[in-house]
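Worksheet for the structure shown next.
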Protein chains: 2
Amino acid sequence: MLKNKIPKPTGSELEILRLLWENGPSSVRSVNEQLNLKKETGYTTTLKFMQIMLDKKLVTRNTDSRSHIYKAAINQEETQRDLLGNFVDNVFGGSAMSLVMQALGNHDASPEELDKIKDLIKKMEGK
Amino acid sequence: MLKNKIPKPTGSELEILRLLWENGPSSVRSVNEQLNLKKETGYTTTLKFMQIMLDKKLVTRNTDSRSHIYKAAINQEETQRDLLGNFVDNVFGGSAMSLVMQALGNHDASPEELDKIKDLIKKMEGK
DNA sequence: TTGATTTTACGAAAAACTTCGTATAAACTT
DNA sequence: AAGTTTATACGAAGTTTTTCGTAAAATCAA
């Protein structure tokens with residue numbers, strides 16, 4: 001069965017998804033408090049976003065208790081993969097390699113991180 | 001001297017910038033034709049975008065001849081770096097490494113590409 | 001030179017995204 | 001139970017981004 005296409009989250013929606021991924025299922029209040037650590041956001045604004053996201057099937061919610069508990073409905077890694085694919089296309093003309101080279105080059109990687117990459121490369125060469 | 005902050009290009013603006021980077025200074029007609037290879041776009045729509053971009057200083061133009069010639073006013077690599085930084089923050093919570101790992105993992109890299117990365121890693125370890 | 005074509009300028013509609021006010025209902029508080 | 005607080009629902013206003021119609025100017029062709 002074909003999976004219903006779920007729309008790409010907007011920037012604000014992604015912020016909320018990231019909180020839900022990080023903290024697990026949460027109330028609007030809790031998400032709103034987290035958002036406010038970064039930037040002033042009205043409670044009803046956050047509520048509205050989460051209702052829109054519910055509509056778009058980006059989240060589900062449990063309405064057993066008075067304060068509804070929202071839960072991410074899309075997978076973090078898969079979403080990152082999709083967005084990364086778009087980004088590579090839009091910004092790096094489809095060349096994942098030039099993105100990797102830039103990301104690596106612009107970032108002060110620790111020896112451990114470099115080791116991880118080397119391992120991955122070995123695996124890729126091996127197969 | 002502080003460089004005047006030039007706004008981040010929108011998605012559509014970026015498409016046009018990519019053409020200007022790739023093909024060099026171009027007329028509206030030429031950009032519009034390129035865009036139309038990917039998706040139907042009205043001529044005046046393209047024109048309007050390029051006028052907006054001029055306004056935002058994303059491009060400059062030469063008006064000597066009747067058909068104005070537009071030129072990217074921002075640097076490709078620098079722009080890619082900026083956008084990449086934002087993207088890493090927004091989607092990968094600031095972890096460039098997890099982005100690199102995903103990008104590498106999701107992409108069938110050729111041996112040559114892997115070699116290039118290995119070289120880069122060596123350089124990074126060396127210093 | 002007159003009419004057709006190509007171009008720019010401008011404004012504004014349309015669409016997508018963000019923000020919030022207000023109403024209403026539920027549930028604490030005293 | 002009455003008043004206060006906390007929640008959701010809903011609509012709509014505000015912004016940003018995208019799209020395009022129309023007019024006017026410049027060029028080209030017969």
Side-chain angles (χ1 to χ4, degrees), chain A residues 5-20 25-71 74 79 83 86-87 90-91, chain B residues 5-20 25-71 74 79 83 86-87 90-91:
Chain A
K5 176 90 178 315
I6 284 175
K8 187 167 85 128
T10 68
S12 304
E13 289 167 352
L14 192 62
E15 286 184 74
I16 291 174
L17 281 172
R18 297 224 302 120
L19 293 171
L20 294 178
S26 313
S27 65
V28 173
R29 172 127 336 259
S30 145
V31 167
N32 181 247
E33 274 161 11
Q34 300 287 314
L35 289 179
N36 272 281
L37 299 179
K38 288 283 172 187
K39 68 164 179 172
E40 178 94 21
T41 308
Y43 176 83
T44 51
T45 301
T46 303
L47 171 64
K48 184 61 164 184
F49 275 132
M50 294 176 80
Q51 285 169 342
I52 290 171
M53 291 167 78
L54 179 68
D55 220 65
K56 293 186 181 175
K57 309 282 176 58
L58 292 170
V59 298
T60 57
R61 72 177 173 187
N62 179 314
T63 58
D64 289 352
S65 52
R66 179 154 91 100
S67 99
H68 301 172
I69 301 301
Y70 290 76
K71 181 168 170 293
I74 61 180
T79 304
L83 294 175
N86 281 334
F87 184 76
N90 296 336
V91 179
Chain B
K5 175 88 178 316
I6 284 174
K8 190 166 83 120
T10 68
S12 304
E13 288 168 351
L14 192 62
E15 286 184 73
I16 292 173
L17 280 172
R18 297 225 301 121
L19 292 171
L20 294 178
S26 312
S27 65
V28 173
R29 173 129 333 262
S30 147
V31 167
N32 181 246
E33 273 160 11
Q34 299 289 314
L35 288 179
N36 272 280
L37 298 178
K38 287 286 172 185
K39 66 163 178 175
E40 177 95 20
T41 309
Y43 176 83
T44 52
T45 301
T46 303
L47 171 65
K48 184 59 164 186
F49 276 133
M50 294 176 79
Q51 286 169 341
I52 290 171
M53 290 166 80
L54 179 68
D55 219 66
K56 292 186 181 176
K57 310 281 176 58
L58 292 170
V59 298
T60 57
R61 72 177 173 189
N62 179 313
T63 58
D64 288 352
S65 53
R66 179 152 92 102
S67 101
H68 300 171
I69 301 300
Y70 289 76
K71 181 170 170 292
I74 62 180
T79 304
L83 295 174
N86 281 334
F87 183 77
N90 296 337
V91 179

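Hydrogens, waters and symmetry mates are skipped; everything else that's a heavy atom, side chains included, is used. Letters A, B, ... mirror the listed sequences (proteins, then strands); counts begin at 1.
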With a 4.5 Å limit on heavy-atom distance, are the side chains of [X] and [Y] in contact?
| X | Y | value |
| --- | --- | --- |
| B:Thr46 | B:Met50 | yes |
| B:Gln51 | B:Leu47 | yes |
| B:Ile69 | B:Lys71 | no |
| B:Tyr43 | B:Val28 | yes |

Legend entry - Set of side-chain contact (heavy atoms from CB on, under 4.5 Å) partners for A:Ser30, sequence neighbours left out: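 Once residues adjacent in sequence are excluded, the partners of A:Ser30 under the side-chain contact (heavy atoms from CB on, under 4.5 Å) criterion are A:Ser26, A:Ser27.
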
Do any side-chain atoms of residues 11-19 of chain B form donor-acceptor pairs under 3.5 angstrom with protein atoms, and if so which ones, sequence neighbours left out?
| from | atom 1 | to | atom 2 | distance (Å) |
| --- | --- | --- | --- | --- |
| B:Glu13 | OE1 | B:Thr10 | N | 2.8 |
| B:Glu13 | OE1 | B:Lys56 | NZ | 3.3 |
| B:Glu13 | OE2 | B:Lys56 | NZ | 2.8 |
| B:Arg18 | NE | A:Asn90 | O | 3.0 |
| B:Arg18 | NH2 | A:Asp89 | O | 3.3 |

Legend entry - Any residue meeting side-chain hydrogen bond (donor to acceptor under 3.5 Å, both in side chains) with B:Asn36, in chain and number order, not counting sequence neighbours: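 Once residues adjacent in sequence are excluded, the partners of B:Asn36 under the side-chain hydrogen bond (donor to acceptor under 3.5 Å, both in side chains) criterion are B:Asn32.
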
Inset, instruction - Give the rounded distance in Å between these two atoms: NZ of A:Lys56 and C1' of C:dA16. - result: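 Roughly 9 Å, once rounded to whole Å.
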
Legend entry - Nucleotide C:dT8, atom C1' - distance to CG of B:Asn32 in whole Å: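 Nearest whole value for this atom pair: 14 Å.
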
Legend entry - nucleotides 19-24 of chain C: protein proximity per nucleotide (B base, S sugar-phosphate only, - neither; heavy atom, under 4.0 Å): BBBB--

Inset, instruction - State the CG-NZ distance between A:Asp55 and A:Lys48, to the nearest 0.5 angstrom. - result: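 Interatomic distance, A:Asp55 CG to A:Lys48 NZ, rounded to 0.5 Å: 8.5 Å.
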
Inset, instruction - State which residue, out of B:Val59, B:Thr60, B:Ile74, fulfils the side-chain contact (heavy atoms from CB on, under 4.5 Å) condition with B:Met53. - result: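 Running side-chain contact (heavy atoms from CB on, under 4.5 Å) over B:Val59, B:Thr60, B:Ile74 with B:Met53 returns exactly one hit, B:Val59.
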
Inset, instruction - Just call it for B:Glu13: base, sugar-phosphate, or nothing, with non-hydrogen atoms closer than 4.0 Å on any strand. - result: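 Nothing, no nucleic acid heavy atom in range.
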
Legend entry - Start and end of the DNA chain D segment that chain B contacts, any atom under 4.0 Å from a heavy atom: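 The protein-touched segment is D:dT17 to D:dT27.
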
Legend entry - Proximity to DNA chain D (any heavy atom under 4.0 Å), residues of residues 62-71 of chain A only: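 Output list: A:Arg66, A:Ser67, A:His68.
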
Inset, instruction - Taking B:Thr63 for its side chain and B:Arg61 for its backbone only, find out whether a donor-acceptor pair lies under 3.5 Å. - result: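 Looks like no, no N/O pair under 3.5 Å.
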
